[in-house]
Amino acid sequence: MDEPAATSIPHSASNAPSLELLSRTQPHIFINPLKKIDEGQDVSTFLISKAYGDIMTFLLQLNRAMFPLYNQDVSTSGKKRVQTWDVDCQAIEYSETVRNLRHLLEELDQIIDEVPPDPGPRRFGNASFKKWYQTVEERTSGLLKSRLSKSTLQYPHDSDVTAESELSSYFLGSFGSSQRLDYGSGHELSFLAFLGCIWKLGGFTSSSEHPHPGNDERAIVLGLIVPYLTLIRRLILTYTLEPAGSHGVWGLDDHSFIPYIFGSAQYGPAISPSDQRPIEGSRPNAPDPADVAKISAVERQRHQNMYFGAIGFIHDVKKGPFWEHSPMLYDISGIRTGWGKINKGMIKMYNAEVLSKFPVVQHFPFGSLFSFDQDPNAKPPPTSIHAANQPVRDGFGSSSAEKVAAPRESPQLGTPAPWASRATSVPGVEAVTAAPRASRGPPIPGPSVGTAAPWARGRTAMINPGDGAAAPLARKGTPSSAAESETAAPWASSQPAAASAALSPTRFPQSGARPPPPPAGRPIPPEAAGDDAAAQSMPPPTRAPWTKPP
């Protein structure tokens with residue numbers, strides 16, 4: 001598709017910060033996006049990068065546009081009218097780019113029909129998803145060229161790499177992993193970056209004025225992100241995609257996060273274009289947050305609101321009490337200060353649980369539009385227990401450069417391991433390596449027939465291999481002859497046993513008689529109670545901080 005380059009600036013929701021467009025006055029140097037986050041320490045670098053700043057700016061820009069807006073018209077009663085932005089809102093105008101990208105998502109949905117899932121139950125994803133992904137990968141260039149303007153794909157550049165290369169990388173990363181057969185919030189982040197790249201390239205610019213500021217942002221959320229989530233949910237159900245990096249029941253959602261941000265903004269209090277983002281309150285007639293646990297209420301709201309749409313998908317795939325399979329969402333439903341407070345908390349949680357977590361952002365690629373270079377205006381991220389416990393590649397403490405420059409040598413057979421203290425020799429077995437826990441001591445003789453176990457007490461009989469007669473074994477520590485002394489285990493105690501009477505076979509040594517319990521009403525002394533007293537002194541199990549008191 002070819003159209004003239006747009007020159008107007010997109011209408012932001014207010015004077016709040018918005019994602020900057022690239023300048024067309026000079027060519028841009030595009031870069032093939034590459035993976036930069038290889039270990040936990042790289043996450044801290046990412047949090048002060050230009051990419052992180054652009055992602056958060058774009059997310060907050062879209063989020064603010066989804067809050068209800070006061071109309072400039074005043075009703076006959078003198079009250080300000082409120083314009084809400086439900087999923088099926090007719091007051092939003094879609095640009096040509098948005099309409100074309102909606103058709104692109106429809107084409108991806110049709111490919112699912114072309115690649116049906118393999119028959120038969122499967123626990124860890126359906127292999128046909130690899131075929132679907134491969135088909136999309138083969139058609140990506142044609143899909144983008146047919147649905148995006150030439151001015152966007154062939155943005156003025158001063159390198160061999162074009163804007164299409166960067167767009168393709170984020171586009172293909174938006175639909176899950178064909179190797180792991182999973183989908184998670186990291187893939188959702190890639191789609192957000194794909195839309196951010198088009199925004200930076202001027203692909204969402206409007207050619208006409210709109211009465212409501214923020215129309216372009218709302219068109220992105222309701223016109224593209226909503227159908228994208230619909231496509232993703234069909235992929236998950238069709239190919240049984242696994243959650244990627246999920247925390248199980250202790251996570252917010254197995255697959256998505258941003259519908260909870262934009263959905264809570266839809267129910268937030270109304271604002272004017274000059275207002276800051278509200279942190280408390282709700283719009284008139286907004287449902288109670290506790291309704292997420294009521295299936296009937298969810299069914300009424302899921303097609304109007306993104307938050308309830310995500311909750312509805314959870315009810316579709318999970319059975320049982322809501323508080324049991326989604327305890328975090330259930331806890332959030334108890335907030336009484338309104339949807340504005342929930343929206344604020346969701347943004348904080350997205351920053352902490354998505355953008356600051358190594359398992360989520362480790363596969364995010366960085367190019368020129370979302371650069372890994374440090375933002376000169378960024379402040380160092382605050383120290384937290386999450387940042388201090390990021391994973392590393394191995395446990396040897398070496399840096400990334402040392403791991404690449406000095407790979408480990410392959411161990412040779414018969415060579416002691418470098419951490420081995422001292423090898424112990426066993427007759428008939430060739431020493432190879434010693435375990436790190438091997439103790440230094442005398443060689444252990446090979447086992448012989450008739451050895452006594454260290455806990456053996458009484459005399460037992462064994463069959464003499466020579467004549468088949470039963471020969472009595474001496475108790476440990478008191479050999480009756482030289483032949484019998486050789487049968488004792490090397491770790492057997494040399495302490496002589498009592499010669500008066502044979503001990504009855506028992507596994508544990510006899511201890512002193514336990515004192516009788518005290519009379520009723522008297523406490524048990526700690527020295528007599530032993531472990532029982534410790535058990536009685538332990539506090540009861542504490543209640544989880546997110547559970548409600550009974």
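All heavy atoms count here, side chains included; hydrogens, waters and symmetry mates do not.
Taking 4.5 Å as the limit, some side-chain heavy atom of L195 sits within range of a side-chain heavy atom of I225. At least one side-chain heavy atom of V98 sits under 4.5 Å from a side-chain heavy atom of L224. Within the 4.5 Å cutoff, the side chain of W132 has heavy atoms near those of the V136 side chain. Side-chain contact between F313 and P259: absent, with no pair of heavy atoms (C-beta onward) separated by less than 4.5 Å. L144 is not listed as a side-chain neighbour of T152, based on a closest heavy-atom distance of 4.5 Å or more. For the pair D88/Q304, a side-chain contact is recorded, criterion being any heavy-atom separation below 4.5 Å from C-beta on. Within the 4.5 Å cutoff, the side chain of M306 has heavy atoms near those of the V87 side chain.
For residues 300-310, the set of pairs meeting the salt bridge (Lys or Arg N to Asp or Glu O under 4.0 Å) definition, not counting sequence neighbours, comprises E299-R302, R302-D316. Counting only residues at least two apart or in different chains, salt bridge (Lys or Arg N to Asp or Glu O under 4.0 Å) contacts with residues 372-382 are absent. Pairs passing the ring pair (Phe, Tyr, Trp, His ring centres under 6.0 Å) check and including a residue from residues 272-297, sequence neighbours excluded, do not occur.
The minimum heavy-atom distance linking N126 with T240 is given by the pair N-OG1, 3.5 Å. In terms of heavy-atom proximity, L192 sits nearest to F58 at O-CE2, 3.7 Å. Closest of all the heavy-atom pairs between M346 and I261 is CB-CG1, 3.9 Å. Of all non-hydrogen atoms in I55 and F364, the two that sit nearest each other are CD1-CZ, 4.1 Å. Residues N343 and S264 come closest through the heavy atom pair ND2-OG, 3.0 Å. The nearest pair of heavy atoms linking I220 to W199 is CD1-CE3, 3.7 Å.
Applying the ring-ring contact (aromatic ring centres under 6.0 Å, His included) rule to Y155 yields no partners; only residues at least two apart in sequence or on another chain are considered. For Y307, the ring-ring contact (aromatic ring centres under 6.0 Å, His included) criterion is met by Y260, W339, not counting sequence neighbours. Residues passing the side-chain hydrogen bond (donor to acceptor under 3.5 Å, both in side chains) test with E166 are S368, sequence neighbours excluded. K35 meets the side-chain hydrogen bond (donor to acceptor under 3.5 Å, both in side chains) test with D38; sequence neighbours excluded. By the side-chain hydrogen bond (donor to acceptor under 3.5 Å, both in side chains) test, S296 pairs with no residue at all, sequence neighbours left out. For E164, the salt bridge (Lys or Arg N to Asp or Glu O under 4.0 Å) criterion is met by no residue, not counting sequence neighbours. For F257, the ring-ring contact (aromatic ring centres under 6.0 Å, His included) partners at least two apart in sequence or on another chain are Y350. With sequence neighbours left out, Y94 forms a ring-ring contact (aromatic ring centres under 6.0 Å, His included) with no residue at all.
No more than 12 heavy atoms of other residues, nucleotides or ligands lie within 6.0 Å of CD in E20, so this atom counts as exposed by the packing criterion.
Using a distance-only test at 3.5 Å, with no hydrogens or angles considered, no donor-acceptor pair links the side chain of R147 to the main chain of R99. The backbone N or O of L235 sits nowhere less than 3.5 Å from a side-chain atom of T238 that would complete a donor-acceptor pair. Using a distance-only test at 3.5 Å, with no hydrogens or angles considered, no donor-acceptor pair links the side chain of E137 to the main chain of L172. No donor-acceptor pair under 3.5 Å is formed between the side chain of T84 and the backbone N or O of P68. Remark: the backbone N or O of G223 is paired with a side-chain donor or acceptor of R102 at under 3.5 angstrom. At least one donor-acceptor pair under 3.5 Å links the side chain of S333 to the backbone N or O of Y330. Of the possible polar contacts, none joining the E242 side chain to the R180 backbone as a donor-acceptor pair under 3.5 Å is found. Not one N or O on the side chain of S169 forms a donor-acceptor pair closer than 3.5 Å with the backbone of S165. Side chain of H315 to main chain of V292: a donor-acceptor pair is present (N/O by atom type, distance under 3.5 Å, no hydrogens or angles).
Side-chain atoms of E93 and N215 include no donor-acceptor pair closer than 3.5 Å.
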List the atom pairs, with distances to 0.1 Å, where a side-chain N or O of residues 110-118 and a protein N or O form a donor-acceptor pair under 3.5 Å, not counting sequence neighbours.
residue	atom	partner	partner atom	Å
D113	OD1	R234	NH2	2.6
E114	OE1	R139	NH2	3.0
D118	OD1	S128	OG	2.7

Before you tell me yes or no, could you show the steps for Q83 and C89 under side-chain contact (heavy atoms from CB on, under 4.5 Å), namely the whole-Å CA-CA distance, both residues' side-chain angles and the distance that decides it to 0.1 Å? CA-CA 10 Å; Q83 176 64 57; C89 180; 3.9 Å; yes
Which is it for R233 and D253 under the salt bridge (charged side-chain N to carboxylate O under 4.0 Å, His left out) test, yes or no, and what are the steps along the way? CA-CA 13 Å; R233 288 161 188 164; D253 190 287; over 6 Å; no
Pair S95-T97, side-chain hydrogen bond (donor to acceptor under 3.5 Å, both in side chains): steps then yes or no: CA-CA 5 Å; S95 64; T97 301; 4.7 Å; no
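Using the six-membered ring where Trp is involved, Y183 and H187 have ring planes that are parallel, under 30° apart on the 30 and 60° scheme. Under the 30°/60° scheme for interplanar angles, the aromatic rings of F46 and Y52 are found to stand perpendicular.
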